[in-house]
Amino acid sequence: MATTSFSKLLSQNPFLSLLQNARTASQIFQIHAQLICRALMSDSFVASRLLFAACELSNPSSIHLTAAYAELIFSQVHHPNTFFWNTIIRFHSQTSNPLRALLFFSQMRKSGIFTDNYTYPFVLKACASMPGRREGVVVHGEVVKRGFDEDLFVRNGLISMYCRSGDVELGMMLFDGFRSRDLVSWNSMIAGYSMCGKMGEAQKLFDAMPERDAFSWAILIDGYGKKIGDVRRARELFDAMPDRDLVCWNSMIDGYSGLGMMGPARELFEAMPERNVISWSILIDGYIRHGDSKEALNIFQQMLRHGMKPDKISAVGVISACAQLGALDQGRWVHFYLKKNRILFDVVVQTALIDMYMKCGSLDLARRLFDNMRERSIVTWNVMIVGLGANGYEAEAVELFDQMEKEGTLMDDLTFLAVLTACTHAGLVAKGWEIFDRMRSDFGITPKAEHYGCIVDLLGRAGRLHEARNVIETMPMKPTLTLWGSLLAACRTHRCVDLAEVSVEQLKNLGADDSGVYVLLSNIYAEEGMWDDVWRIRKLMCARGMKKEVGRSVVEVNGRVHEFVNGDVSYLEIFSVLWSLSNNIALT
DNA sequence: ATAGGGTTAG
């Protein structure tokens, strides 16, 4: 659309300038209503501007709302023009709904609407976020046929598409073939190399490029830090760069926290000039991933005190911290907070909540959420199966698995791990064996070492020790330490000294020096009254300087999380916990 | 073209 005709249209239709200045959803809704009243929605140009304005307003936490709204507008337009289609494709490709974007693209072509050089960059972006699918190549062919590959915007889209679908070399060929390049071309290429960990190539391009902006630095810092764990090099770049922006700080902090270096991560976090939700999420997530969920909750409280509003992604972090700590009160609070602030849940948030309720033993709350979900992912089902199994409802876990099969829901290796674990737990030997047996043939999923582990456990617990040993010895991959370990454990319950010794021998061959193995073996000897052997093992352990792991436990009372470490006991704290517990009981 | 999210036994 040429600018002259646009300004002409603008003067003809007062709604267009209103739309351009609209800053809130309600302004847009009002204009929309007026357009409908005056039967102006059939004008596809006006409708396009409406959609465009709505898309500009969309932010990550209200995307569902806008997506539904975008489709509503779409359904009201009689003859959408190219600009309208482009806008809706752009919207879906930018809001991580590539499938929908491609669907609209194919509809666009089917209805014979002309595609232009603005259509393709967004289509390519959608292709890029669905690696493994070959649509991108087809689109590439079309782009070349139409001569759009001369357009820098389209060309950069092609580079990025190939880099993201794992074909960096092809991206580089296109890049080399360019007569002209801009900063985005260079940055896309560097991002491509950095994404697959080829930091040498990325660095070479970075050194060769005529000018750099904050993107270029951020891509490199992120690549060194997170992709290859060279946090020192990342820090060198971070210190060297001229104008650090928020993204660079965040990338650097994430680099540290990815390696568990929470000290430096925290230091940078405290030192940064400004923080956004992402900075807080990175820190929270870092603490969770490295086993300090309690500190993660502290950071979350601080975040609230600083007046920073959590969004759905930081909420997921807090919810999983609560899950790990069994902090039901705080988990419920976050759930309530999200509802109150109308932060829309997506599948991930709901799944995290289900997991949290399961881990806190609130099966009914978990179940209610699950039943009301309009869309479930593989992970959602897995979380449910794991949770039911872990809470002693193994039959229900298996039932859910059967339901998945009936409905044709996609499954993955973890689904099988979850259901097999449930079978093991409940001693459902026949059912477990059947599922394991059909895994590859009926579901096309190759059993991994963990699945063999489950089966060994299943057989071992049922006392079928020789079958278990047979599974270990005939499995296609090298048996892991845990496999022999679980056989050893089974040997203890079923008092089979022969096989126990075989297992220990194998464990030693595999280089185990886990004190647990020896404790277990010495217990087996002790139970059989073989005291000489017991002492032999004890001496061996002392000689190697082994100790038992320190026990620790965590409990939440009145929203506070207390951690107790074995041997390092604060009686005052225990007392106060007991006191508040007894108060709670008295109240209810 | 750059930064943050959910599932694994005892």
Side-chain angles (χ1 to χ4, degrees), chain A residues 60 96 121 125 128 153 156-157 159-160 163-164 182-192 194-195 205 209 212-223 225-226 245-255 257-258 275-286 288-289 310-321 323 345-356 358-359 376-387 389-390 412-425 448-451 453-454 456-458 461 482-483 485-486 489 516 520:
Chain A
S96 59
K125 190 174 178 199
F153 196 17
N156 289 341
I159 294 194
S160 158
C163 287
R164 280 169 167 269
D182 63 1
L183 201 50
V184 179
S185 326
W186 285 92
N187 285 342
S188 310
M189 214 43 241
I190 297 179
S194 145
M195 207 176 336
L205 284 175
M209 68 196 294
R212 307 177 183 103
D213 64 359
F215 279 78
S216 331
W217 290 90
I219 295 164
L220 223 56
I221 291 175
D222 180 62
K226 251 204 325 278
D245 65 352
L246 186 54
V247 178
C248 292
W249 282 89
N250 285 345
S251 293
M252 194 61 233
I253 295 175
D254 201 35
S257 95
R275 308 178 186 121
N276 60 6
V277 211
I278 299 181
S279 328
W280 290 92
S281 310
I282 290 171
L283 202 66
I284 291 176
D285 209 56
I288 297 173
R289 275 207 308 269
D311 62 2
K312 62 179 178 180
I313 296 186
S314 48
V316 167
V318 187
I319 294 165
S320 50
F345 298 7
D346 60 10
V347 201
V348 179
V349 178
Q350 284 175 314
T351 305
L353 282 169
I354 291 178
D355 180 51
M356 185 269 296
M358 279 296 189
K359 295 231 163 77
R376 299 175 187 130
S377 73
I378 298 185
V379 184
T380 317
W381 288 92
N382 292 353
V383 161
M384 274 305 278
I385 296 177
V386 169
D412 64 4
D413 48 332
L414 250 70
T415 315
F416 284 89
L417 198 61
V419 73
L420 288 176
T421 306
C423 291
T424 301
H425 212 135
K448 292 206 226 168
E450 291 93 331
H451 301 98
C454 249
V456 168
D457 234 15
L458 183 79
R461 281 172 191 236
T482 29
L483 271 179
S486 88
L520 211 50

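Reminder, nothing fancy here: chain letters follow the sequence lines and each chain counts from 1.
- A/Ile354 has its CD1 atom 11 Å from the C1' atom of B/dT7, to the nearest Å.
- Within the 4.5 Å cutoff, the side chain of A/Met358 has heavy atoms near those of the A/Met384 side chain.
- Contact annotation for A/Arg461: backbone-only contact, meaning every heavy-atom pair under 4.0 Å involves sugar-phosphate atoms and none involves a base.
- Side-chain atoms of A/Ile219 lie closest to B/dA1 of the nucleotides B/dA1, B/dG10, B/dA9.
- Following rounding to the nearest Å, A/Leu420 (CG) and B/dT8 (P) show an atom-to-atom distance of 15 Å.
- Donor-acceptor pairing under 3.5 Å, judged by distance alone, is absent between the side chain of A/Asn276 and the base of B/dG4.
- Distance from the side chain of A/Ala191 is smallest to B/dA1 among B/dA1, B/dA3, B/dG5.
- Following rounding to the nearest Å, A/Asp311 (CG) and B/dA3 (C1') show an atom-to-atom distance of 13 Å.
- Spacing between atom NE2 of A/His425 and atom P of B/dA9 amounts to 11 Å, rounded to whole angstrom units.
- When rounded to the nearest whole Å, the span between CG of A/Asp222 and P of B/dA3 equals 5 Å.
- Residue A/Thr351 places its side chain closer to B/dG6 than to any other of B/dG6, B/dG5, B/dT8.
- For A/Ser377 against B/dG6, a side-chain-to-base donor-acceptor contact under 3.5 Å is present.
- Which of B/dA3, B/dG5, B/dT7 sits closest to the side chain of A/Val383 comes down to B/dT7.
- Between the side chain of A/Ser320 and the backbone N or O of A/Val316 there is at least one donor-acceptor pair closer than 3.5 Å.
- Ranking B/dA3, B/dG5, B/dA1 by closeness to the A/Asn250 side chain, first place goes to B/dA3.
- Within the 4.5 Å cutoff, the side chain of A/Leu420 has no heavy atoms near those of the A/Glu450 side chain.
- Atoms CG (A/Asp285) and C1' (B/dG4) sit 7 Å apart, rounded to a whole Å.
- Side-chain N or O atoms of A/Asp311 include one that pairs as donor or acceptor with a backbone N or O of A/Ser314 at under 3.5 Å.
- Residue contacts for A/Arg289: at a heavy-atom cut-off of 4.0 Å it reaches the sugar-phosphate backbone alone, with no base atom in range.
- Taking side-chain N and O atoms only, A/Lys312 has no distance below 4.0 Å to OP1 or OP2 of B/dG6.
- Here the side chain of A/Val348 is nearest to one of B/dA3, B/dT2, B/dG6, namely B/dG6.
- Side chain of A/Asp213 to main chain of A/Ser216: a donor-acceptor pair is present (N/O by atom type, distance under 3.5 Å, no hydrogens or angles).
- To the nearest angstrom, C1' of B/dG6 lies 9 Å from NZ of A/Lys359.
- Closest approach to the A/Ser281 side chain among B/dG10, B/dA1, B/dG4 is made by B/dG4 (side chain taken as heavy atoms from C-beta onward).
- Between A/Arg376 and B/dG6 there is no side-chain polar atom (N or O) within less than 4.0 angstrom of OP1 or OP2.
- Within the nucleic acid shown, A/Asp213 comes within 4.0 Å of at least one base atom, counting heavy atoms only.
- Here B/dG6 presents its P atom at 13 Å from CG of A/Leu414, a figure rounded to the nearest Å.
- Using a 4.0 Å heavy-atom distance criterion, A/Ile282 is classed as a sugar-phosphate-only contact.
- Closest to the A/Asp245 side chain, of the nucleotides B/dG4, B/dG6, B/dT2, is B/dT2.
- For A/Val247, taking side-chain heavy atoms from C-beta onward, the closest of the listed nucleotides B/dT2, B/dT8, B/dT7 is B/dT2.
- A distance of 7.5 Å separates NZ of A/Lys448 from CG of A/Leu414, quoted to the nearest 0.5 Å.
- Distance from the side chain of A/Thr380 is smallest for B/dG6 among the nucleotides B/dT8, B/dG5, B/dG6.
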